[in-house]
Visitor: 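I have a structure I would like to understand better, so I am pasting it below and will then ask my questions one at a time.
This one's a predicted model, so the numbers in the text were calculated from it and none came from an experiment.
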Amino acid sequence: MNHQAEFLASLLAKRHEAIQGRMGTGIETEWTEDEEHYQGIDDANRAFQTSNQLYRSKQSIGAAPKSVGPTRSVVFLNITRPYVDAASARVADMLLPTDDRSWEIKATPIPKLSPALIAQLREAMGFAYDQKTMEDFVERQVEAAQEAAKKMQREIEDRLVESNWHGEVRQLIEDAGRCGSGVLKGPFPVLRTVRMPAKDPVTGIIKQVKLEEIRAASKRIDFWNFFPDPACGENIHNGSYTWERDYLGRRKLMELLKDESYDREAIAKALKEGPNRTREGTEAVYIPNDDEYEMWIFHGHCTREKLQAMGVDVEDLEDERLPAMAVLINDRIIKLTLSPLEDGEFPYDVLAWQRRPGMPWGMGISRQIRTVQRMLNGAVRAMMDNSGLSASPQIVSGNGIVPVDGDWTLRPGKHWRAESNSDVADVTKAFATFTVDSVQNELMNIINFSLKMAEDTTGMPAMLQGIRGDAPNTLGGMQMQNNNATSVMRRLAKRFDDYMTRPHIQRYFDWMMAYADDESIKGDFQIDVRASSALVERDAQQQFLTTLLTVSANPAYGLDPELLAEELVKGQRLDVKNFKLSQEKRQQSQAPVDPTLQAKALLLGAQAIKAKADAERAQALTVGARVEAQYSAVQTAQVIEQIPGTATTADALLRSAGSKDMDAAPIVPQASGAGEMPSVEVPTNTNPLTPANPESPAVGLQAGIETQANDGVRS
């Protein structure tokens, strides 16, 4: 036997061991039952499920469907699916937020330099620096390490985004909630095509250029297709190897011919042979087509001699056992190489919803609620059977009583006949009816009990439904209720941190340290997994934050309403930037305004406006009164000037009206030395455009007076 055949035989033996080991644990039988209950299938209604994909799996395990009589109810009141979906959705929303991540890359902290460390540094650098200079040098190194850690974090996050990390992990959580286990693979190398526009420098035409590069990626693996070492215990990384099953079509297999790392001759032989299944291991929920090839991927340690005999380059390595990866199709080795991960760790992580001692597989919601689901199905089917029996009476007829039409089916207006050999003398006594008692209330109590047990068994609905009313309606009581409701979530979040996030991100870090071209992202870093449990706590603290927001208006508490509002917005998975005030509005709202002072200021402003308006109105009235008085004085002066005798009569009238003379008499002063006022010559208009009016030469002087002629004066 040559080396290749011997190596292939050892791989096939390990694969057979892994398949039989998983089947021997009985976990596949429970997975099948969990899958069927999630779909609403059991032995009673299996024959009525024409699209049941798990029927072939059930047959392969050895359990045959039971024959069910046509008169018995086969109702499956499925509460498994909504419980599983609600729990999985809740966990995914908490552990996969849109504005945060459950991990962080941090630089390793460097302590203050001790005298011994300073002496070693001086000796190593060859300079007699003082302690201050050395500490400044170390501080610069710390800042550079922190910047490199941020770059490393961005690079890893970029790979996860390209791999649709949230979508893959969400599927993994659904698997774990349904059947208890979810498997995530990564990082593993994939060939990605990047499309970029490029402008031709000669023609100026913009074309699309395709660039291919090998990138690290992650993806969810169906737990039905994963076979770890049976001796791994509760952690797959304690085993010696793992096997993964996958299916690919003919076109995908032909694309592997472009990759030089694959054995093209072996692929060509597999294409010529066609698909050849091993027929080992239970089929998954997904049943492949007959034209799909079954591919097996091996990860494990192999001896140095065997790898070297198979043509693997191991010249620079001295270990006797080296981590390797092999790919098989049709039991042919189409690829054999050293593991991409230098430490040989398997690129798989298994999340167990609830741990099982001694096994890497967990127990999900379907298994937790299985007994309750069977109780509910039995009670509902019994109630439906009882309802059918009690809906119509049981009829007993005597001998010789036959239907005229020969049909024994009851219907309105049916004609019956008593034959000659009838033993019934009185036809009114030929029939008797018996009614089956209805036990709907008793069966409904069992149904309600089953629904209550579903909540207590899973522990999830109390958290999913919020405050149930049995806690005191106080801040402390609600907080205690939230803590109790999220205890299951905190346990699962810690398992997610320990068994998924930490090892997965650690492998990405090792990958970047080994294969990244950018040297500025490399350094002595550590993985800080701190967010999963914190995210669960943050979700539970939303109600408490709402209470704090209401009391933050009081400055005595020293709380910042803006920061509290930001935390509330983040808790609802919204972007805080969409609700931020502009800089101008922020400046306007910086100083807090007392509502009382603001009202007083508005009142004073209104009073000032009213006082100003009153002053302007009084001034207008005063001016009007003065103008009227002046005009009256002018008119009076004209009359007195024309008829001086009227002054005495006017003074008498004023005194009779009660007026007091405010001036000394006489009212018409006499000019000294002359009995007559000097005459003034009226100027003559000499403008040819406006000829003078001979009859009224002074008309322009009185144009602005309402009464142009002297009141009471005859011309």
Side-chain angles (χ1 to χ4, degrees), residues 10-11 13-28 30-31 168-169 171-188 216-246 280-282 284 295-302 321-328 338-364 367 492 494-511 527 529:
S10 64
L11 289 180
K14 290 182 179 180
R15 185 180 68 183
H16 179 75
E17 180 185 22
I19 293 174
Q20 295 301 320
R22 195 183 78 175
M23 185 180 298
T25 61
I27 192 66
E28 295 181 355
E30 294 192 2
W31 285 350
E168 297 295 330
V169 174
Q171 280 188 289
L172 176 144
I173 294 174
E174 292 174 359
D175 291 343
R178 187 176 67 256
C179 294
S181 304
V183 183
L184 186 67
K185 181 180 181 180
F188 65 97
S218 299
K219 71 174 181 178
R220 165 255 182 191
I221 301 296
D222 191 349
F223 54 87
W224 284 97
N225 294 329
F226 183 66
F227 302 84
D229 185 356
C232 66
E234 295 187 21
N235 192 345
I236 64 170
H237 297 284
N238 294 333
S240 301
Y241 58 86
T242 60
W243 282 94
E244 176 193 349
R245 178 176 57 190
D246 198 2
E280 285 190 295
T282 306
M295 181 172 66
W296 291 85
I297 303 175
F298 167 82
H299 286 273
H301 286 75
C302 301
R321 297 185 63 83
L322 301 173
M325 182 191 74
V327 182
L328 278 67
L338 294 176
S339 175
L341 301 174
E342 294 183 353
D343 57 357
E345 187 176 0
F346 306 140
Y348 302 98
D349 296 304
V350 178
L351 174 65
W353 189 277
Q354 182 178 347
R355 64 179 290 267
R356 295 173 183 262
M359 298 177 62
W361 316 110
M363 180 185 299
R367 178 57 46 176
L492 186 58
K494 293 182 184 301
R495 292 190 63 84
F496 187 82
D497 286 344
D498 297 337
Y499 293 96
M500 295 298 300
T501 307
R502 185 182 302 277
H504 201 83
I505 301 301
Q506 183 64 51
R507 288 197 298 271
Y508 264 98
F509 171 76
D510 296 339
W511 180 287
I527 312 298
V529 181

Visitor: Please identify each residue that fulfils side-chain contact (heavy atoms from CB on, under 4.5 Å) with Y499, with sequence neighbours left out.
Guide: R495

Visitor: Do W243 and I297 have side chains that get closer than 4.5 Å, going by heavy atoms?
Guide: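 W243 does not reach I297 side chain to side chain.
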
Visitor: Excluding sequence neighbours, so at least two apart, what forms salt bridge (charged side-chain N to carboxylate O under 4.0 Å, His left out) with R15?
Guide: D331

Visitor: What residues form a side chain to side chain donor-acceptor pair (under 3.5 Å) with R356, not counting sequence neighbours?
Guide: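 E30.
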
Visitor: Do H299 and F188 have side-chain heavy atoms sitting under 4.5 Å apart?
Guide: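 When only atoms from C-beta onward are counted, F188 and H299 do not touch, as no gap falls below 4.5 Å.
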
Visitor: Within the structure provided, determine whether W353 and R367 are in side-chain contact (heavy-atom separation under 4.5 Å).
Guide: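 With C-beta onward as the side chain, the pair stays apart.
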
Visitor: Report the residues that fulfil salt bridge (charged side-chain N to carboxylate O under 4.0 Å, His left out) with R355, sequence neighbours left out, ordered by chain and then residue number.
Guide: E234

Visitor: With a cut-off of under 6.0 Å to the ring centre and 45° to the axis, is K494 in cation-pi contact with F496?
Guide: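 The answer is no; the distance or angle limit is not met.
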
Visitor: Quick check: do Y348 and L184 have side-chain heavy atoms less than 4.5 Å from each other?
Guide: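 When only atoms from C-beta onward are counted, L184 and Y348 do not touch, as no gap falls below 4.5 Å.
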
Visitor: Sequence neighbours excluded, which residues qualify as side-chain contact (heavy atoms from CB on, under 4.5 Å) partners of S10?
Guide: F7, K306

Visitor: Can you list everything that forms a side chain to side chain donor-acceptor pair (under 3.5 Å) with S218? Sequence neighbours excluded, please.
Guide: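 Expected list: H504, Y508.
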
Visitor: Under 3.5 Å, side chain of S339 to main-chain N/O of P323, donor-acceptor pair present?
Guide: no

Visitor: Going by the rule side-chain contact (heavy atoms from CB on, under 4.5 Å), which residues pair with N238 if we only count those two or more places apart in sequence or in a different chain?
Guide: N235

Visitor: Report yes if the side chains of W31 and F223 come closer than 4.5 Å at any heavy-atom pair, otherwise no.
Guide: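 W31 vs F223: side chains touch.
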
Visitor: To the nearest 0.5 Å, tell me how far N225 CG sits from D246 CG.
Guide: 7.0 Å

Visitor: Should D229 and T242 count as side-chain neighbours, where that means a heavy-atom distance under 4.5 Å?
Guide: no

Visitor: Between C302 and A324, which heavy-atom pair has the shortest distance, and what is it?
Guide: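 Scanning both residues completely, I find the closest heavy atoms to be SG-CB, 4.2 Å.
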
Visitor: Applying side chain to side chain donor-acceptor pair (under 3.5 Å), can you list everything that pairs with H16, at least two apart in sequence or on another chain?
Guide: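 Per chain and number, H16 pairs via side chain to side chain donor-acceptor pair (under 3.5 Å) with E280.
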
Visitor: With sequence neighbours left out, what residues match A326 under side-chain contact (heavy atoms from CB on, under 4.5 Å)?
Guide: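 Result, side-chain contact (heavy atoms from CB on, under 4.5 Å) vs A326: L11, F298, L328, L336.
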
Visitor: Rounded to the nearest 0.5 Å, how far apart are CD1 of I527 and CD of Q506?
Guide: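 The distance works out to 5.0 Å.
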
Visitor: Give, for atom CH2 of W511 and atom CG of L341, the distance between the pair rounded to the nearest 0.5 Å.
Guide: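 Answer rounded to 0.5 Å: 6.5 Å.
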
Visitor: So do F346 and P503 actually touch side chain to side chain, heavy atoms under 4.5 Å?
Guide: no

Visitor: Taking only residues two or more places apart in sequence or in another chain, which ones pass salt bridge (charged side-chain N to carboxylate O under 4.0 Å, His left out) with K14?
Guide: none

Visitor: Counting N and O atoms only, with roles assigned by atom type, does the side chain of R22 sit under 3.5 Å from a partner on the main chain of W224, one being a donor and the other an acceptor?
Guide: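 Looks like yes, one N/O pair under 3.5 Å.
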
Visitor: Heavy-atom distance under 4.5 Å between the side chains of R507 and E345, does that happen here?
Guide: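 Yes - at least one pair of side-chain heavy atoms lies under 4.5 Å apart.
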
Visitor: What residues form a side chain to side chain donor-acceptor pair (under 3.5 Å) with Y241, not counting sequence neighbours?
Guide: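 Applying side chain to side chain donor-acceptor pair (under 3.5 Å) to Y241 gives E17.
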
Visitor: Sequence neighbours left out, what passes salt bridge (charged side-chain N to carboxylate O under 4.0 Å, His left out) with D175? Give chain and number order.
Guide: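 For D175 the salt bridge (charged side-chain N to carboxylate O under 4.0 Å, His left out) partners, ignoring immediate neighbours, are R178, R220.
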
